[in-house]
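Keep in mind it's a predicted model, so treat the numbers as computed, not measured. Here, residue 1 is the first one in the sequence, and each next residue gets the next number.
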Amino acid sequence: MGTTVSMSQSKRLTELYEELGELAPQGYAVGLHIRFASPLIYHSRYPEAWVEYYNSHSYYLRDPVIFWGIGTTGTRRWSEIPLPDPFDLLKKAASYGMRYGAVSSYGPITSRSMAGITRNDREFTDEEMERLADITARLHIAAKPPSELTKAQIEALQCIANGDRHTAAAAKLGISESAFKARLNSARIRLEARTAAEALRKAREYRLL
């Protein structure tokens, strides 16, 4: 799953993805601000054949790396994760050239971010693990969505969601049409959206409505 981001935010994330790519000769994957088992932003550069195989078998439900990252924060090599792997996912990943990997998990459990990196020639060094942890933290911060909207902003967006025109929405809320437009505009700015429709979409994706 993905979400709309501003141009400045997108540029910053791209720069951080490039940093991650330098660490990961065999590819990387990022899930940012995971809420209700779904990331707000997902970006993968793992081998395409592996991604297709992994997704077709819904392995994310059985992946010890994912379970470790959801359950705790920190940075670990795949070989150090103390969880069972009954479906031999790590062995299967190795057959796609992903023989060695590491994962970093950052943030509160209600909005956690994870990044995974792989290579096929050796384990990641301690220095590389520290870089992975640093990049993951910066990705989490760069992708942070708004945490809340005011009650007035939510009411205005909800009227738009219900299909109300500005005049009808203002009457429903007992305010002037200009006041309604001001509330809508403040919500749009808060969400870094160009239009009211985009603001509504973002508010839903960020689960603020």
side-chain contact (heavy atoms from CB on, under 4.5 Å) evaluation trace for I41 with V30: CA-CA 8 Å; I41 297 173; V30 172; over 6 Å; no

Verdict with supporting geometry, R99 and Q26, side-chain contact (heavy atoms from CB on, under 4.5 Å): CA-CA 9 Å; R99 290 172 53 102; Q26 204 61 26; over 6 Å; no

Salt bridge (Lys or Arg N to Asp or Glu O under 4.0 Å) between E127 and R131, worked out: CA-CA 6 Å; E127 182 182 353; R131 278 192 68 198; over 6 Å; no

L157/L191 under side-chain contact (heavy atoms from CB on, under 4.5 Å): CA gap, chis, key distance, verdict: CA-CA 11 Å; L157 287 172; L191 293 164; 4.1 Å; yes

Working for ring pair (Phe, Tyr, Trp, His ring centres under 6.0 Å), residues Y53 and Y96: CA-CA 10 Å; Y53 175 73; Y96 285 81; 5.7 Å; yes

Worked check of side-chain contact (heavy atoms from CB on, under 4.5 Å) between L139 and S113: CA-CA 8 Å; L139 280 165; S113 294; over 6 Å; no

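Remark: the backbone N or O of Y100 is not paired with any side-chain donor or acceptor of T118 at under 3.5 angstrom. Remark: side-chain polar atoms of D164 are not paired, donor with acceptor, to backbone N or O of A168 under 3.5 angstrom. Judged purely by atom type and a 3.5 angstrom limit, S105 uses its side chain to pair as donor or acceptor with the backbone of G69. In this structure, the side chain of H33 engages the main chain of H140 through a donor-acceptor pair within 3.5 Å.
Within a 6.0 Å sphere centred on CD of E48, other residues, nucleotides and ligands contribute 12 heavy atoms or fewer. In this structure, R165 places its CZ atom where only 12 or fewer heavy-atom neighbours from other residues, nucleotides or ligands lie under 6.0 Å away.
Both Y46 and V103 are members of a single hydrophobic cluster when ILVMFWY side chains are connected at heavy-atom separations under 4.5 Å. Both F87 and M98 sit in one connected hydrophobic cluster of ILVMFWY residues. Membership requires side-chain heavy atoms under 4.5 Å apart, directly or through other members. The hydrophobic cluster containing I117 also contains L16, counting ILVMFWY residues as joined when their side-chain heavy atoms lie under 4.5 angstrom apart, directly or transitively. Criterion: ILVMFWY side-chain heavy atoms under 4.5 Å apart, direct or through other members. Under it, I141 and L40 are not part of a common hydrophobic cluster. Criterion: ILVMFWY side-chain heavy atoms under 4.5 Å apart, direct or through other members. Under it, Y106 and L23 are not part of a common hydrophobic cluster.
Applying the side chain to side chain donor-acceptor pair (under 3.5 Å) rule to pairs touching residues 69-78 yields T75-S104, R77-E80, R77-D126, sequence neighbours excluded.
For an aromatic pair to be called close, the ring centres must be under 6.0 Å apart, and H43 with Y28 satisfies this.
To the nearest 0.5 angstrom, L32 atom CG is 6.5 Å from L13 atom CG. A distance of 4.5 Å separates CD1 of I135 from CD of E19, quoted to the nearest 0.5 Å. Interatomic distance, L200 CG to K202 NZ, rounded to the nearest 0.5 Å: 12.5 Å. To the nearest 0.5 Å, atom CZ of residue R183 and atom OG1 of residue T150 are 8.0 Å apart.
Applying the side chain to side chain contact (heavy atoms under 4.5 Å, CB included) rule to I154 yields the partners L149, L209; only residues at least two apart in sequence or on another chain are considered. Partners of S186 by side chain to side chain contact (heavy atoms under 4.5 Å, CB included), not counting sequence neighbours, listed by chain and number: Q153.
For R119 and E128, the salt-bridge test passes: some basic side-chain N is under 4.0 Å from an acidic carboxylate O. The existence of a salt bridge linking R188 and E198 is excluded, since no basic side-chain nitrogen approaches an acidic carboxylate oxygen closer than 4.0 Å.
The side-chain heavy atoms of S44 and V51, taken from C-beta on, include a pair separated by under 4.5 Å. Using a 4.5 Å cut-off on side-chain heavy atoms (C-beta onward), Q158 and N162 make contact. No side-chain heavy atom of V65 sits under 4.5 Å from any side-chain heavy atom of L83. Contact check for R35 versus R112: no side-chain heavy atoms found under the 4.5 Å cut-off. Under the 4.5 Å side-chain criterion, counting only non-hydrogen atoms from C-beta, F180 is in contact with I160. Inter-residue side-chain proximity for H166 and L184 is flagged as met; some heavy-atom pair is nearer than 4.5 Å. A heavy-atom distance below 4.5 Å is found between the side chains of M114 and I66. Side-chain atoms of L132 and F124, non-hydrogen and from C-beta on, never get closer than 4.5 Å to each other.
For K92 and Y59, the side-chain atoms include at least one donor-acceptor pair closer than 3.5 Å. The closest side-chain donor-acceptor pair between Y54 and D63 falls under 3.5 angstrom.
The minimum heavy-atom distance linking Y42 with A29 is given by the pair OH-CB, 4.1 Å. Closest approach of T136 to A115, counting heavy atoms only: OG1-CB, 3.4 Å.
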